[in-house]
Amino acid sequence: MKILKSIFVATLFLASLTSFGQDKKANNIDNSNIALQGYSPVSYLDLNLAQRGSKSHKSTYEGIVYYFTSDTQKSTFDSNPKKYLPQYGGYCAFGTYAGAKFRVDPNKFLVMNNKYYLFLNNVELDAKQLWLKEKNDQKLISTANNNWKKLKKTYN
């Protein structure tokens with residue numbers, strides 16, 4: 001497993017030098033402060049779908065902007081925003097497990113235990129498939145949770 005983690009981190013590091021630059025914040029946002037690349041957190045968690053939201057249905061929570069597909073989704077989020085926040089600030093769950101922060105493909109995600117996890121996907125690797133290959137969600141989540149305590153404070 002250590003070899004797989006090392007290969008994963010090395011590959012992601014190289015990828016981050018090109019199109020998937022690492023963010024230096026605790027939340028995976030761009031300069032516009034829009035979370036999830038404009039995808040709806042309510043769609044991920046409640047519908048198990050990756051749906052792009054609209055700026056006509058948006059909320060700001062702790063300085064970060066979230067888009068939704070409808071006013072109903074916006075109201076759902078506004079009533080309990082913490083429930084709908086992405087795990088690991090929206091960074092790649094497998095990357096967090098491996099000890100690094102990487103941008104994600106908003107279409108690559110998993111919903112488990114009323115939480116959603118996002119994953120990097122590019123020409124070189126599909127982090128969601130690496131996660132699924134491990135077949136031990138609790139071990140992955142436990143390690144990622146421990147790593148996130150440190151990573152969320154660091155500038156990668």
Side-chain angles (χ1 to χ4, degrees), residues 1-55 61 64-69 73 77 81-156:
M1 186 60 197
K2 288 188 181 224
I3 293 172
L4 179 61
K5 283 171 81 173
S6 297
I7 292 170
F8 176 77
V9 171
T11 302
L12 286 178
F13 176 74
L14 292 174
S16 74
L17 296 176
T18 57
S19 63
F20 286 93
Q22 295 178 13
D23 199 334
K24 296 183 180 194
K25 301 175 184 177
N27 293 287
N28 190 359
I29 54 174
D30 60 19
N31 291 337
S32 67
N33 286 341
I34 297 171
L36 304 168
Q37 299 175 43
Y39 282 71
S40 170
V42 176
S43 292
Y44 283 126
L45 193 57
D46 290 354
L47 304 175
N48 201 20
L49 291 172
Q51 293 181 310
R52 190 175 292 275
S54 166
K55 62 183 173 183
Y61 179 72
I64 299 171
V65 178
Y66 295 88
Y67 287 176
F68 309 95
T69 62
Q73 280 196 353
F77 177 85
K82 287 185 179 182
K83 174 182 177 180
Y84 292 97
L85 299 181
Q87 297 305 295
Y88 316 122
Y91 286 99
C92 176
F94 197 86
T96 303
Y97 163 75
K101 295 192 288 189
F102 296 101
R103 290 208 172 265
V104 298
D105 175 339
N107 293 295
K108 289 289 189 169
F109 70 99
L110 288 172
V111 176
M112 297 176 285
N113 301 318
N114 295 315
K115 297 178 182 183
Y116 63 99
Y117 301 81
L118 299 159
F119 298 91
L120 175 120
N121 184 50
N122 63 23
V123 175
E124 297 179 24
L125 96 104
D126 182 340
K128 180 180 174 182
Q129 290 306 312
L130 291 174
W131 182 282
L132 293 171
K133 192 180 223 179
E134 287 301 309
K135 298 179 183 173
N136 188 343
D137 293 335
Q138 292 311 317
K139 175 189 168 203
L140 294 168
I141 291 170
S142 176
T143 301
N145 288 346
N146 286 332
N147 287 344
W148 183 243
K149 290 173 189 173
K150 298 172 195 162
L151 288 172
K152 70 181 175 181
K153 299 175 186 176
T154 64
Y155 290 93
N156 279 5

Shortest non-hydrogen separation from [X] to [Y] and the atoms involved:
X: Ala50; Y: Asn107; answer: CB-OD1, 3.6 Å
X: Ala127; Y: Cys92; answer: CB-SG, 3.7 Å
X: Phe102; Y: Gly95; answer: CD1-CA, 4.2 Å
X: Pro106; Y: Phe109; answer: O-CD2, 4.1 Å
X: Tyr116; Y: Tyr44; answer: CE1-CD1, 3.5 Å
X: Ser43; Y: Gln51; answer: OG-OE1, 2.6 Å

Parallel, tilted or perpendicular: rings of Phe94 and Trp131 (30°, 60°): perpendicular

Tyr88 and Trp148 aromatic ring geometry - parallel, tilted or perpendicular at 30°/60° bounds: perpendicular

side-chain contact (heavy atoms from CB on, under 4.5 Å) evaluation trace for Asn121 with Lys128: CA-CA 8 Å; Asn121 184 50; Lys128 180 180 174 182; over 6 Å; no

Looking at [Y], is its backbone amide N or carbonyl O close enough to the side chain of [X] to form a donor-acceptor pair, meaning the two atoms are under 3.5 Å apart?
X: Asn33; Y: Val65; result: no
X: Lys101; Y: Leu151; result: yes
X: Asn113; Y: Lys115; result: no
X: Asn147; Y: Tyr97; result: yes
X: Ser142; Y: Gln138; result: no
X: Arg52; Y: Gln37; result: yes

Going by heavy atoms in the side chains, are [X] and [Y] under 4.5 Å from each other?
X: Asp126; Y: Asp105; answer: no
X: Tyr61; Y: Leu85; answer: yes
X: Phe119; Y: Leu110; answer: yes
X: Tyr91; Y: Leu120; answer: no
X: Ile141; Y: Met112; answer: yes

Exercise: do Tyr84 and Asp46 side chains pair donor with acceptor under 3.5 Å: yes

side-chain contact (heavy atoms from CB on, under 4.5 Å) between Tyr66 and Val42, worked out: CA-CA 10 Å; Tyr66 295 88; Val42 176; over 6 Å; no

Spatial distance of atom OG1 (Thr69) from atom CG (Leu49) [nearest 0.5 Å]: 9.5 Å

Tyr67/Ser54 under side-chain contact (heavy atoms from CB on, under 4.5 Å): CA gap, chis, key distance, verdict: CA-CA 5 Å; Tyr67 287 176; Ser54 166; 5.9 Å; no

